Amino acid sequence: MKSLSLHNKQFELFISKEEISIIISKIANNINNDRIVDPLFISILNGSFLFTADLMKQIILPNTEISFVKLSSYTGTNSSGKVRDLIGIDKDISGRNVIIVEDIVDTGNTLDHIMDSLESKNVNKIYIATLLFKPNAYIKDFPIDYIGKEIPNNFVVGYGLDYDEIGRNLPCIYKLKE
Ligand code: IMP
């Protein structure tokens, strides 16, 4: 499908299935080559579900573990603003090498909340893997270890990414028509 309509907005094909598959193999190779010891992959739901599934099939590191988590809605405020917690980490992950698996990093605010909530867990090292990255929107400083593809600031849907909760099931990635 070259174009489609979601909630009355028009989208056009942006990243094909074939390209997604090439991008994911590249990320998997890079992670495998880094020989991360006993890695714990933490997949951020909902958007990362397809990416995580395809990525994990190509990870060949020994003792690989996968956890699926969600960021809560805002739970309170502190000096740095609103607070969100990671829901779904129910065991001790201290000392672990964690790889955050994200669908897209835009401003980096979501990543900020994730890093905040991991801070108290005393993990050994945190790596970040994202399928898509919008460098022109990013306002944080965390280095992103594994980037699938850098994209302009267009709104995209498909392959896990939604537009108002629909479009996640699409096998390719589409961008909003201008
Ligand atoms: P950030 O907090 O601005 O980095 O945005 C991260 C989250 O916003 C992602 O995990 C997505 O859920 C959502 N998001 C950002 N850009 C897009 C987009 O182009 N399409 C769909 N969702 C997006």
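We number each residue from 1, following the sequence as shown. In this text the structure is predicted, and so the values were computed from the model without any measurement. Computation of the quantities below employed the complete heavy-atom set of this structure, encompassing side-chain atoms and omitting hydrogens, waters and symmetry-equivalent molecules. Counting starts at 1 for both ligands and their atoms, following the listed order.
- Listed by atom number, the atoms of ligand 1 under 4.0 Å from Glu102 heavy atoms are 10 (O).
- Not a single heavy atom of His113 sits under 4.0 Å from any atom of ligand 1.
- Using a 3.5 Å distance cut-off with no hydrogens or angles, the side chains of Glu102 and Thr110 do not pair a donor with an acceptor.
- Val156 O, 3.3 Å is the protein heavy atom nearest to atom 21 (C) of ligand 1.
- Listed by number with element, the atoms of ligand 1 under 4.0 Å from a non-hydrogen atom of Lys134 are 16 (N), 17 (C), 18 (C), 19 (O).
- Put simply, atom 10 (O) of ligand 1 has protein non-hydrogen atoms near it, under 4.0 Å away.
- At the shortest separation from atom 5 (O) of ligand 1 among protein heavy atoms lies Asp106 CB, 3.5 Å.
- Under a 4.0 angstrom heavy-atom cut-off, Gly47 registers as lying outside contact with ligand 1.
- In terms of protein heavy-atom proximity, atom 12 (O) of ligand 1 is closest to Asp103 OD2, 4.1 Å.
- Residue-ligand proximity: Val157 is placed with every non-hydrogen atom at 4.0 Å or more from ligand 1.
- Among protein heavy atoms, the minimum distance from atom 13 (C) of ligand 1 is reached at Ile104 CG2, 4.3 Å.
- Counted by atom type alone, Tyr146 and Asp34 present one or more donor-acceptor pairs between their side chains at under 3.5 Å.
- By the 4.0 Å heavy-atom criterion, Asn154 is counted among the residues contacting ligand 1.
- Neither the backbone nor the side chain of Leu111 comes within 4.0 Å of ligand 1, counting heavy atoms alone.
- For Tyr159 and Asp103, the side-chain atoms include no donor-acceptor pair closer than 3.5 Å.
- No cation-pi contact links Lys70 to Phe68, judged by a cut-off of 6.0 Å to the six-membered ring centre and 45° from its axis.
- Under a 4.0 Å criterion applied to the non-hydrogen atoms of Asp162, ligand 1 contributes the atoms 21 (C).
- Proximity of Ile44 to ligand 1 is not established, as no heavy-atom distance is less than 4.0 Å.
- Judged by distance alone, the side chain of His7 and the main-chain N or O of Asp164 form a donor-acceptor pair under 3.5 Å.
- Of the possible polar contacts, none joining the Asn124 side chain to the Arg96 backbone as a donor-acceptor pair under 3.5 Å is found.
- Scanning the protein for heavy atoms near atom 1 (P) of ligand 1, the closest one is Thr107 OG1, 3.3 Å.
- Here the heavy atom of the protein found nearest to atom 6 (C) of ligand 1 is Thr110 OG1, 3.4 Å.
- Put simply, the side chain of Phe11 does not reach to within 4.5 Å of the side chain of Lys175, judged on heavy atoms.
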### Task
Could you walk me through whether Glu150 and Lys134 pass the salt bridge (charged side-chain N to carboxylate O under 4.0 Å, His left out) test, one step at a time?
CA-CA 6 Å; Glu150 293 194 354; Lys134 293 182 181 170; over 6 Å; no

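- Taking distance alone, with nitrogen or oxygen atoms compared against 3.5 Å, Leu161 stays at or beyond that limit from ligand 1.
- With no hydrogens or angles considered, no side-chain donor-acceptor pair links Asn32 and Gln58 at under 3.5 Å.
- Ring centroid separation for the pair Phe133 and Tyr138 comes in under the 6.0 Å cut-off.
- The backbone N or O of Pro152 lies less than 3.5 Å from no partner atom in the side chain of Asn136, so there is not a single donor-acceptor pair.
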